[in-house]
Q: 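There's a structure below that I have some questions on.
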Amino acid sequence: MPIRLHNSLSRTLEELRPLVPGKVTMYHCGPTVYSSPHIGNFRSFLFADVLRRFVEDQGYQVVQVMNVTDVGHLTQDDIESGEDKMEAASKKTGKTAWQIAKQYEDEFHDCQQKLHVRLPHHMPRATDFIAQMGSIIDDLLQKGVAYQQNGNVYFEIAKFPGYGKLSGKVLDELEDGARIAVNDEKKDPRDFALWKTDSKHQMQWDAPFRGGARGFPGWHIECSAMSMHYLGPQIDIHTGGEDNMFPHHECEIAQTEAHTGKQFVGIWMHARHLLVDNTKMSKSLGNFFTVADILAKGYTGLELRYGLIRVQYRQALNFTLKGLDEARAAISRVQSARQRLVRFAQGLERAGSEDVVAAVAKANEQFTAAMSEDLNVSEALAAVFDFVGVCNKTEVSVAGAKLALAAFARFEDVLGCFGDEPKADATGDAPAELLALLEQRKAAKKAKDWALADSLRDQIAAAGWKIVDAATGARLEKL
RNA sequence: GGUCCCGUAGCCAAGUGGUUAGGCAACGGAUUGCAAAUCCGUCUACCCCAGUUCGAUUCUGGGCGGGACCUCCA
């Protein structure tokens, strides 16, 4: 089944047709490492992760690159007095820009791991690609599409007729907006920086291009350089948050295509920003949750992941703590069903003779169809839950249980929000004292001392475990 | 001001020109010593007004309401 994805450039659903059959190259605009990653960041990164997982599921070999921006991302991009995010954080904390970058890059990787992200094949830092950026700048200067003023290098928008094709922005509208760049150096307010000089800037390099001055790179150029380095001049998919569309991606297109003369990206995809309690989440409003904040509240990475991917990436997602509670319950429903199947498969419960071949095929089909239609995760989840219902009411055979488990394993492989296949019985993992309590309860039940049995159950629950009474006996499971 | 998105049952959220989405919660019942889990059942909706149509939640137009981007942001 063809994978259809929404291309921001054409504003339509397009079939994924990779440049090289069977192989898909993806580039994702990654974090700017100047503060702790928040849940909004991860809605975008998790979207990229699910995209990669599904494309792989469909048999493609994927190469995925996500950059780490550790220099050049200006707080007011085009304004002369603009300050690099890293520098601003440095000023605030007293740490060096390099320390800031390292700290938050580590934290970012930690969050990726906690949210069960399949790591991109390459996660390069902008500061490691100064030379590559330089050669592009050099070429753009040679071609006359960039110009230098007082050591600053700007890309000249007028030399690239396609500027604005992604975001639909035209000059007049921009000038009417709030964003009016005051910069006499530029020929056009929309011209953007490829290289900046600033003697006060901590991160500085000798110009990596001919005839330049010591300075640091503009924000946009890093993505062009790293994308090209790892994936070549043309890539299949490029993703980012919706805010990246303009100016970042617009600028990427201009500089990259001016440099290579080829179409840069096949399909541009942008994740909608999430809302928190029905209102915009942003740093300036201060109403944001970091990933660490959520985990500190006792939610697991899996629950957060579920909560952030359950709505299709182009829909507004209203993030609430209540939503995470729902995620917890939903995950548990899936895992309970899987555990039951594991028990059948391992002969711990008496298997029946009903088969699930048709149900498995249907679930897989619906799941694939939903995901193929622009990653409709909500609909894919519906297919999973339909399947859960079927499994729960089926006296499944051993072979059937294994088949059903394979289907769940596939859904987990793509979505990654349910967790590993549950063990048939977690009793063995429980602390010895709880096992003792469980034995005591068995005895109490036998003696029909219900008060004692219930109090033992409460004690076990207080320790974070629950008793599951099955026909084959009682066992413990983690709450 | 410009561009764009959305308005679905208690909540979250898919989808469709005429046949039960799904999750969570709630309420009955089965099961259980009582529970938990599970199963069965109940609650069955599409902002408003016109239009197109045999028929619209689903297409068209208008209205109202909410939100996003254009400005640091994923």
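Quantities reported herein were computed from a predicted structural model and do not represent experimental measurements.
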Q: Scan A/E477 against the nucleic acid and name what it touches under 4.0 Å (heavy atoms): base, sugar-phosphate only, or nothing.
A: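 Answer is nothing: A/E477 stays at 4.0 Å or more from every strand.
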Q: When you measure only distances, ignoring hydrogens and angles, does the side chain of A/R272 come within 3.5 Å of the base of B/A74 through a donor and an acceptor?
A: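 Looking at the base of B/A74, it does not pair with any donor or acceptor on the side chain of A/R272 (distance under 3.5 Å).
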Q: According to a strict under-4.0 Å criterion, is A/N392 in side-chain N/O contact with OP1 or OP2 of B/A37?
A: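 For B/A37, neither OP1 nor OP2 has a side-chain N or O of A/N392 closer than 4.0 Å.
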Q: Compare the aromatic ring of A/F385 with the six-membered base ring of B/G22 and state whether they stack according to the 5.5 Å and 30° rule.
A: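 Aromatic stack with B/G22 absent for A/F385.
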Q: Please state how far atom CG in A/L308 lies from atom P in B/A74, giving the value in whole angstrom units.
A: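 Going from A/L308 (CG) to B/A74 (P), I get 15 Å.
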Q: Specify the separation, in whole Å, of atom CG of A/N67 and atom C1' of B/A74.
A: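 In whole Å, B/A74 C1' and A/N67 CG are 12 Å from each other.
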Q: Does A/H273 put a side-chain nitrogen or oxygen below 4.0 Å from OP1 or OP2 of B/C69?
A: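 Yes, within the criterion.
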Q: Looking only at side chains, do A/S353 and A/E395 share a donor and an acceptor under 3.5 Å apart?
A: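 Distance-only check fails for A/S353 and A/E395.
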Q: Using atom CD of A/Q315 as one end and atom C1' of B/G66 as the other, report the distance to the nearest whole Å.
A: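 Value for this atom pair: 14 Å.
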Q: Which listed nucleotide (B/A14, B/A74, B/A25) is nearest to the side chain of A/N41?
A: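 For A/N41, the side-chain atoms sit closest to B/A74.
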Q: Tell me whether the side-chain N/O atoms of A/R441 come closer than 4.0 Å to OP1 or OP2 in B/C34.
A: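 For B/C34, OP1/OP2 do not have a side-chain N/O of A/R441 under 4.0 Å.
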Q: What is the separation between atom CG on A/L317 and atom C1' on B/A68, rounded to the nearest whole Å?
A: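 So the CG-C1' distance, A/L317 to B/A68, works out to 14 Å.
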Q: Report which part of the nucleic acid A/A271 touches: base, sugar-phosphate, or nothing (heavy-atom distance under 4.0 Å, all strands).
A: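 Nothing: the residue A/A271, judged by heavy atoms under 4.0 Å, touches no strand.
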Q: I need the NE2-P distance between A/H6 and B/C5, as an integer number of Å.
A: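 Interatomic distance, NE2 of A/H6 to P of B/C5: 9 Å.
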Q: Would you check if the distance from the ring center of A/H270 to the ring center of A/H249 is below 6.0 Å?
A: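 Yes.
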Q: Could you work out the separation of B/U16 and B/G1 based on their P atoms and round it to a whole Å?
A: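 B/U16 and B/G1 have their P atoms separated by 34 Å.
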Q: Base of B/G23, side chain of A/E326 - is there a donor-acceptor contact under 3.5 Å?
A: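 Between B/G23 and A/E326, which were checked side chain against base, a qualifying N/O pair under 3.5 Å is present.
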Q: When both hydrogen-bonding distances must be under 3.5 Å and the geometry is Watson-Crick or G-U wobble, what is B/A26 paired with, if anything?
A: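 Checking every strand shown, B/A26 finds its partner in B/U42, with both distances under 3.5 Å.
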Q: For A/Q312 and A/S378, which I'm curious about, is there any donor-acceptor pair between the side chains at under 3.5 Å?
A: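 No, no side-chain donor-acceptor pair sits under 3.5 Å.
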Q: What nucleotide among B/C69, B/G33, B/G22 has an atom nearest to a side-chain atom of A/K445?
A: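 Nearest nucleotide to the side chain: B/G33.
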Q: Distance criterion of 3.5 Å, no angle test: do you see the side chain of A/R314 paired donor-to-acceptor with the base of B/C4?
A: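 When only heavy-atom distances are counted, A/R314 does not reach the base of B/C4 through any donor-acceptor pair under 3.5 Å.
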Q: Out of B/A36, B/A13, B/A35, which has the shortest distance to the side chain of A/D469?
A: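 Of the options given, the side chain of A/D469 lies nearest B/A35.
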Q: For B/G65, what is the paired nucleotide under Watson-Crick or G-U wobble rules, both distances under 3.5 Å?
A: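 Matched B/G65 with B/C6 under the 3.5 Å cut-off.
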Q: Taking the C1' atom in each of B/A25 and B/G62, what is the distance between them to the nearest angstrom?
A: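 These two C1' atoms come out 38 Å apart once rounded.
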Q: Return the value, rounded to whole Å, for the distance between atom CD of A/E373 and atom C1' of B/U16.
A: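 Spelled out: CD on A/E373 to C1' on B/U16 is 13 Å.
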Q: Please report the distance separating the P of B/C64 from the corresponding atom of B/U52, rounded so that it comes out in whole Å.
A: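 Looking at atom P only, B/C64 and B/U52 are 23 Å apart.
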Q: With rounding to whole Å, what would you report as the distance between B/G7 and B/C47 at their P atoms?
A: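 Rounded to whole Å, the distance is 8 Å.
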Q: Would you say A/M269 and A/N7 make side-chain contact, with heavy atoms under 4.5 Å?
A: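 A/M269 does not reach A/N7 side chain to side chain.
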Q: Does the pair A/D243/A/R272 count as a salt bridge with the N-to-O cut at 4.0 Å?
A: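 The answer is no: the pair does not qualify as a salt bridge.
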Q: Of the listed nucleotides (B/A13, B/G33, B/C69), which one gets closest to any side-chain atom of A/R457?
A: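 Of the candidates, B/G33 comes closest.
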Q: A/K322 has an atom NZ; how far is it from atom P of B/C11, in whole Å?
A: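 Checked: the NZ to P distance equals 8 Å.
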Q: What contact category does A/K448 fall into here, base, sugar-phosphate, or nothing, at under 4.0 angstrom with non-hydrogen atoms?
A: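 The answer is nothing, as A/K448 stays clear of every strand by at least 4.0 Å.
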Q: Spell out yes or no: do the side chain of A/D243 and the base of B/A68 have one donor N/O and one acceptor N/O closer than 3.5 Å?
A: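 Per atom types, no contact qualifies.
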Q: Taking atom NZ of A/K297 as the centre, report whether more than 12 heavy atoms of other residues, nucleotides or ligands fall under 6.0 Å from it.
A: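 Counting neighbours around NZ of A/K297, 12 or fewer heavy atoms of other residues, nucleotides or ligands fall under 6.0 Å, so no.
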Q: What distance, rounded to whole Å, do you find between the two P atoms, one in B/G2 and one in B/U20?
A: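 Nearest-Å result for B/G2 against B/U20 at atom P: 44 Å.
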Q: Are A/R53 and A/D49 ion-paired here, with the side-chain N under 4.0 Å from a carboxylate O?
A: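 Yes, charged N to carboxylate O under 4.0 Å.
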Q: Counting only distance, no hydrogens or angles, is the base of B/G15 paired donor-acceptor with the side chain of A/N376 under 3.5 Å?
A: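 When only heavy-atom distances are counted, A/N376 does not reach the base of B/G15 through any donor-acceptor pair under 3.5 Å.
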Q: 5'-most contact on RNA chain B: A/E379 or A/I467, nearest heavy atom basis?
A: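 It is A/E379 whose nearest nucleotide is closer to the 5' end.
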Q: Using atom P of each nucleotide, how far apart are B/U8 and B/C49 to the nearest Å?
A: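 Rounded to whole Å, the distance is 16 Å.
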Q: With a cut-off of 6.0 Å (strictly less than), are more than 12 heavy atoms of other residues, nucleotides or ligands near CZ of A/R350?
A: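 Atom CZ in A/R350 is not packed in, count stays at 12 or less.
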Q: Is A/K466 near enough to B/A35 that one of its side-chain N or O atoms lies under 4.0 angstrom from OP1 or OP2?
A: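 For A/K466, the contact criterion (side-chain N or O under 4.0 Å from OP1 or OP2 of B/A35) is not met.
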Q: Would you indicate, yes or no, if B/G23 has its OP1 or OP2 atom less than 4.0 angstrom from a side-chain nitrogen or oxygen of A/R333?
A: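 The answer is yes; a side-chain N or O of A/R333 sits under 4.0 Å from OP1 or OP2.
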Q: Taking atom C1' of B/G23 as reference, at what distance in whole Å does atom CG of A/L324 sit?
A: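 Roughly 14 Å, once rounded to whole Å.
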Q: Between A/S336 and A/L274, which is nearer to the 5' end of RNA chain B once each is assigned its nearest nucleotide?
A: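 Nearest nucleotide further toward 5': that of A/S336.
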Q: Name the nucleic acid region contacted by A/D325, choosing base, sugar-phosphate or nothing; use a 4.0 angstrom heavy-atom cut-off, strictly under.
A: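 Nothing, no heavy atom under 4.0 Å.
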Q: Between B/A45 and B/C6, how many Å separate the two P atoms, rounded to a whole number?
A: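 The answer is 24 Å between these two P atoms.
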Q: With heavy atoms under 4.0 Å as the rule, sort A/G323 into base, sugar-phosphate or nothing.
A: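 No contact.
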Q: Could you work out which one of B/A68, B/A74, B/G22 sits closest to the side chain of A/L275?
A: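 Of B/A68, B/A74, B/G22, B/A68 is nearest to the side chain of A/L275.
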Q: Under 4.0 Å between a Lys/Arg side-chain N and an Asp/Glu carboxylate O for A/R4 and A/E373?
A: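 Yes.
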Q: For nucleotides B/C27 and B/C70, find the distance between their P atoms and express it as a whole number of Å.
A: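 Between the two P atoms, the distance is 45 Å.
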Q: According to the 5.5 Å centroid and 30° plane-angle thresholds, does A/H38 stack upon the nucleobase of B/A74?
A: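 So no, this residue does not stack on that base, at least one cut-off failing.
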Q: NA contact type, A/D386, heavy-atom cut-off 4.0 Å: base, sugar-phosphate, or nothing?
A: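 Sugar-phosphate only.
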